[in-house]
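Reviewing the structure listed below.
Just so we're on the same page: letters track the sequence lines, and every chain starts at 1. Note that the coordinates shown come from a computational prediction; the quantities given were computed from them, not determined experimentally.
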There are 2 protein chains.
Amino acid sequence: MLLSEHQLFQEFGVSRLTVVAALRVLREQGWIESQQGKGRFVRGRPAMASVESNRTGQAYLTSPETDSPGELVEAGAMALPNRVAALLDAQLKSKAFLRRRLVTREGEPSELVSLWLPLELSEGTDLTSGEALPQGIRQHLQSRKGVRFDHIVEQITARMPTAQEVKQLGMPKNVPLLAVFGAVRDASSRPLVVVEVLLPADRHELEDAYPVA
Amino acid sequence: MLLSEHQLFQEFGVSRLTVVAALRVLREQGWIESQQGKGRFVRGRPAMASVESNRTGQAYLTSPETDSPGELVEAGAMALPNRVAALLDAQLKSKAFLRRRLVTREGEPSELVSLWLPLELSEGTDLTSGEALPQGIRQHLQSRKGVRFDHIVEQITARMPTAQEVKQLGMPKNVPLLAVFGAVRDASSRPLVVVEVLLPADRHELEDAYPVA
DNA sequence: CCCGACAGGTTGTTTTACCAAGTTTGAGAG
DNA sequence: CTCTCAAACTTGGTAAAACAACCTGTCGGG
C-alpha cells in the first residue's frame, strides 16, 4: 500500500492535484491500482518492462537497412500479388514499386523482406536506388513525401516455400515459411506501404508480449 | 482545429481544468494532438477504432467455452512437452494438467486448443471435469484460485502437422500448422497457464492492428 | 451477542485563480 | 516598405479549496 495523498503532498510540498496527476500516470502505466475509500496499491509490473513488445512489421520500418547486412535482390516496378493489391486498395494486376532484400545473419541467408510502394509514393525517394538506406524507411518517407504513418494492420500466415524461395533462403524444402504482411496506413486509413517478411520456420519464431486487457 | 480551451469551457459551463482533462483523454487515445501556443488539431483515428485489436492468446482465455462448439479430446495429468515446460518454468518431464479441445466451426473441425495448468492450479476448479465451461477460463481461475492474470507472452511458430493432428483436424497432410503459444503470467512474472492453439494454415490466418510507435 | 449509526480515514471530481511558455498578429519605428 | 517588438492569443502546469463516494473501525443500543 502506498502513502495516502495527504501524506504525499505534505512530504513533497506540492498540491494535492499534482500528487493525483502523478499517481494517475502510474496507474495508467499499470504500476499501481487505486481503490476509492481504501488506498493505492503497488501492482508491480517490472514484468512487462523486461519483456519488450516486439512487433515484426514495426521493426523493418524504423531501423536503417545499413544496420542489417544483406543483399538487394529486386528493385523496380512489378505487378502486385493479389494479397498485396488488396492491402494497398489497388486494382488487381496493377503495378507498384517493389524493393526486396535478402537479409543475412551470421553469414547465412536468414529472411526475405519485401517492400511494396504505390508508384507515386516511390517517386523522389532513395528507395528506387540500389543502395542500402542509411535512414529508417519510415523516417525517409515521412520527410520526403510528407505522409504520416499511423497504424499497421498485420497478417500472419504459414505456407510451403516456392522452389525459388528455397534456393534464395538456402532452406530445406519440407519446412514451412512464416509470412508476415504489414500494411502501413495513415490516420485516415489510407494504405501507404506494405511490408512482407518471409521467415523459414525452422530458424525463426515470432515473440511478443502484451498486457491482459 | 478545435475550439480553444476558453471557448470550450464557456460554451459547456464547466471549469477550464475539466475541459483540459477531457481533451487529455482524447489526446491519449490518439484522436487529437495539441501544440502549445497554436491549438488542438483533429488527428482522426476512426481507423484504429474500426480495426479491432485481436490477440489470439487473449480470446481463448476470456470467452466461455460454451460459446464455441467443440469436443473435449483430452483432460488429465500429462508429461509436459519441452517448450511448454520452459514457458511454465517447470522441470523437464514433469507433469501438469492438460485440457485439449477440438473446436469446430460450421460443422467442421477447425482448431485444436490446449490448456496446460500446473497441478496445484488445477485443483478445485471445474477445468478437470469433462464439461464445457460456461464461464471464461480467466474469470474462473481468478475467482477460484485467487490468481491475477497480468500479461501474456506469445510465441508464434509454423511446423508440419503430425499424423495424429492431420487426422483430428481433417486437414491435408502437406499443409503447415500455425502454432500459437500464449504464456499467461501474473504481475511478478510467475507463469500461470499456457495456451497452445493449432491452426491449419490453409483455413486460418492471424490478423492484428496496432499503432505505429 | 449482534447490528446499526457514526466518525474519520481514503480516493474521485470539480471549481477558481494564477503563472509559464509557445505562436501569431499587428502597430509603430526606422 | 521593412523590420522590431509588444500585445493577445494559444496550451501547459500548479495551488488551494470544496464536495461526493467509498471503506473501516468504534461505540453504542437493542
Side-chain angles (χ1 to χ4, degrees), chain A residues 1-49 138-139 141-151 186-188 211-213, chain B residues 1-49 62 135-136 138-151 186-188 211-213:
Chain A
M1 183 171 175
L2 266 65
L3 296 178
S4 76
E5 296 176 358
H6 189 75
Q7 290 171 293
L8 283 175
F9 73 73
Q10 281 203 332
E11 174 163 347
F12 289 99
V14 294
S15 81
R16 182 174 163 226
L17 198 74
T18 308
V19 169
V20 171
L23 292 170
R24 176 170 41 73
V25 173
L26 289 179
R27 185 182 51 189
E28 282 167 356
Q29 292 183 355
W31 295 98
I32 63 176
E33 67 187 338
S34 50
Q35 287 178 259
Q36 189 174 1
K38 295 188 72 172
R40 292 191 164 85
F41 302 87
V42 176
R43 197 159 176 269
R45 177 164 310 176
M48 269 297 294
R138 176 186 165 201
Q139 199 68 31
L141 277 180
Q142 290 196 342
S143 62
R144 285 287 179 92
K145 304 292 288 185
V147 293
R148 298 195 52 174
F149 289 12
D150 182 80
H151 62 282
D186 68 8
S188 62
V212 151
Chain B
M1 182 171 175
L2 266 67
L3 295 178
S4 74
E5 296 176 358
H6 189 75
Q7 291 171 291
L8 283 175
F9 73 74
Q10 281 203 334
E11 175 163 346
F12 289 98
V14 295
S15 80
R16 180 176 163 233
L17 202 72
T18 308
V19 169
V20 171
L23 292 169
R24 176 169 41 72
V25 173
L26 288 179
R27 186 181 52 189
E28 284 167 355
Q29 292 184 356
W31 296 98
I32 63 176
E33 67 188 337
S34 51
Q35 288 177 258
Q36 190 174 0
K38 295 187 74 172
R40 293 189 162 87
F41 301 87
V42 176
R43 197 160 174 268
R45 176 163 313 175
M48 268 298 293
T62 49
Q135 203 182 16
R138 176 186 166 200
Q139 199 67 32
H140 191 73
L141 276 180
Q142 290 195 342
S143 63
R144 285 287 178 90
K145 305 292 286 184
V147 295
R148 300 198 46 176
F149 289 11
D150 183 78
H151 62 283
D186 69 7
S188 62
V212 154

Protein-nucleotide distance (A/His6, atom NE2; D/dA15, atom C1'), rounded to Å: 16 Å
Spacing of B/Leu2 atom CG relative to D/dG12 atom P, expressed in whole Å: 12 Å
Spacing between B/Leu3 atom CG and D/dC9 atom P, to the nearest angstrom: 15 Å
Closest approach of A/Val19 to A/Phe9 (non-hydrogen atoms, all atoms of both residues): CG2-CB, 3.4 Å
Gap separating the CZ atom of A/Arg24 from the CD atom of A/Gln29, nearest 0.5 angstrom: 11.0 Å
Gap between atom CG of A/Leu17 and atom CD of A/Glu5 - 0.5 Å precision: 10.0 Å
Closest-nucleotide 5' rank along DNA chain C - winner of A/Met1 and B/Gln35: A/Met1
d(CG, A/Leu8; P, D/dT14) in whole Å: 15 Å
Side-chain heavy atoms of B/Leu23 within contact of B/Ile32, under 4.5 Å: yes
4.5 Å side-chain heavy-atom contact, B/Arg43 and B/Arg27: no
Closest non-hydrogen atom pair between B/Val42 and B/Leu2, with its separation: CG2-CD1, 3.4 Å
Positions of residues 15-23 of chain A (non-hydrogen atom under 4.0 Å from DNA chain C), listed by number: A/Arg16, A/Leu17
Straight-line distance of A/Glu33 CD to A/Arg40 CZ, nearest 0.5 Å: 11.5 Å
Atom pair distance, as rounded to whole Å: CD in A/Glu5 and C1' in D/dA16: 14 Å
Pairs under 3.5 angstrom, nitrogen or oxygen only, protein versus nucleotides 23-27 of chain D, please.
{"residue": "D/dT24", "atom": "OP1", "partner": "A/Lys38", "partner atom": "NZ", "Å": "3.4"}

Closest non-hydrogen atom pair between B/Phe149 and B/Gln142, with its separation: N-NE2, 2.9 Å
Below 4.0 Å: OP1/OP2 of D/dT10 and any side-chain N or O of B/Arg40: no
Range on DNA chain C touched by chain A, heavy atoms, distance below 4.0 Å: C/dG9 to C/dT14
Touch class at under 4.0 angstrom, heavy-atom based, for B/Arg24 against every strand present: nothing
